[in-house]
Q: 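Sharing a structure below in structure tokens format, with a few things to ask.
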Amino acid sequence: MTAVKERILGAVTIMSNNDAEKLWHIIKTDFGSSEWDDIEEVVPDEWDLKMLSDIENDPDCKEFVSEEELLSCL
């Protein structure tokens with residue numbers, strides 16, 4: 001993953017749901033494709049809800065590592 005994609009993911013992770021909705025609208029408008037409408041929306045399970053809660057409430061969850069750092073740990 002490139003550095004700009006990592007920054008985008010980091011930004012989306014910490015933005016509000018309202019801002020994420022606005023960004024999604026921009027993506028669909030500027031990069032429009034009927035394929036966007038075919039993306040399955042999945043209801044979060046218990047594990048997902050725990051992660052989302054941690055993102056909202058645990059300041060340590062806002063630390064990111066690069067792909068290279070992650071792969072070096074494997």
Side-chain angles (χ1 to χ4, degrees):
M1 182 178 311
T2 65
V4 71
K5 288 181 180 180
E6 288 179 14
R7 290 196 313 258
I8 290 169
L9 287 175
V12 169
T13 301
I14 62 172
M15 70 176 40
S16 69
N17 286 337
N18 189 41
D19 288 343
E21 291 280 342
K22 290 177 188 176
L23 179 59
W24 184 244
H25 177 73
I26 291 168
I27 290 170
K28 286 178 66 174
T29 301
D30 291 359
F31 304 96
S33 170
S34 62
E35 293 174 18
W36 293 113
D37 293 328
D38 294 335
I39 296 175
E40 179 184 0
E41 188 168 332
V42 178
V43 177
D45 62 15
E46 187 175 323
W47 178 255
D48 295 329
L49 293 173
K50 170 73 170 110
M51 288 191 305
L52 292 170
S53 174
D54 287 346
I55 290 168
E56 299 262 334
N57 301 307
D58 184 353
D60 291 335
C61 283
K62 302 221 181 335
E63 295 182 20
F64 298 94
V65 297
S66 69
E67 180 181 9
E68 292 80 22
E69 288 176 286
L70 176 63
L71 292 175
S72 71
C73 296
L74 300 177

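One-based numbering along the sequence shown.
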Q: Is it the case that atom CD in Glu6 sees more than 12 heavy atoms from other parts of the structure closer than 6.0 Å?
A: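 Check passes, neighbour count above 12.
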Q: Applying side-chain contact (heavy atoms from CB on, under 4.5 Å), name anything that partners Ser16, two or more places apart in sequence or on another chain.
A: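 side-chain contact (heavy atoms from CB on, under 4.5 Å) list for Ser16, sorted by chain: Asn18, Asp19.
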Q: For residues 40-50, which side-chain N or O atoms pair as donor and acceptor with protein atoms under 3.5 Å away, sequence neighbours left out?
A:
from, atom 1, to, atom 2, distance (Å)
Asp45, OD1, Trp47, N, 3.1
Asp45, OD1, Asp48, N, 2.8
Asp48, OD2, Asp45, N, 3.2
Lys50, NZ, Asp54, OD1, 2.9
Lys50, NZ, Asp54, OD2, 3.1

Q: Taking side-chain contact (heavy atoms from CB on, under 4.5 Å) as the test, write out the residues that go with Leu23, two or more places apart.
A: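 In terms of side-chain contact (heavy atoms from CB on, under 4.5 Å), with neighbours along the sequence ignored, Leu23 is linked to Val12, Met15, Ile27.
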Q: Determine, step by step, whether Leu71 and Glu68 satisfy the side-chain contact (heavy atoms from CB on, under 4.5 Å) criterion, reporting the C-alpha distance in whole Å, the side-chain angles of both residues, the deciding distance to 0.1 Å, and the verdict.
A: CA-CA 5 Å; Leu71 292 175; Glu68 292 80 22; 5.9 Å; no
Q: To the closest 0.5 Å, what do you measure between CD1 (Ile14) and CD (Glu56)?
A: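 With rounding to 0.5 Å, CD1 (Ile14) is 11.5 Å from CD (Glu56).
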Q: So with a 6.0 Å cut-off around CG of Asp30, is the heavy-atom count from everything else above 12?
A: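 Counting neighbours around CG of Asp30, more than 12 heavy atoms of other residues, nucleotides or ligands fall under 6.0 Å, so yes.
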Q: In Å, rounded to the nearest 0.5 Å, how long is the span from NE2 of His25 to NZ of Lys28?
A: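 NZ of Lys28 is found 8.5 Å from NE2 of His25.
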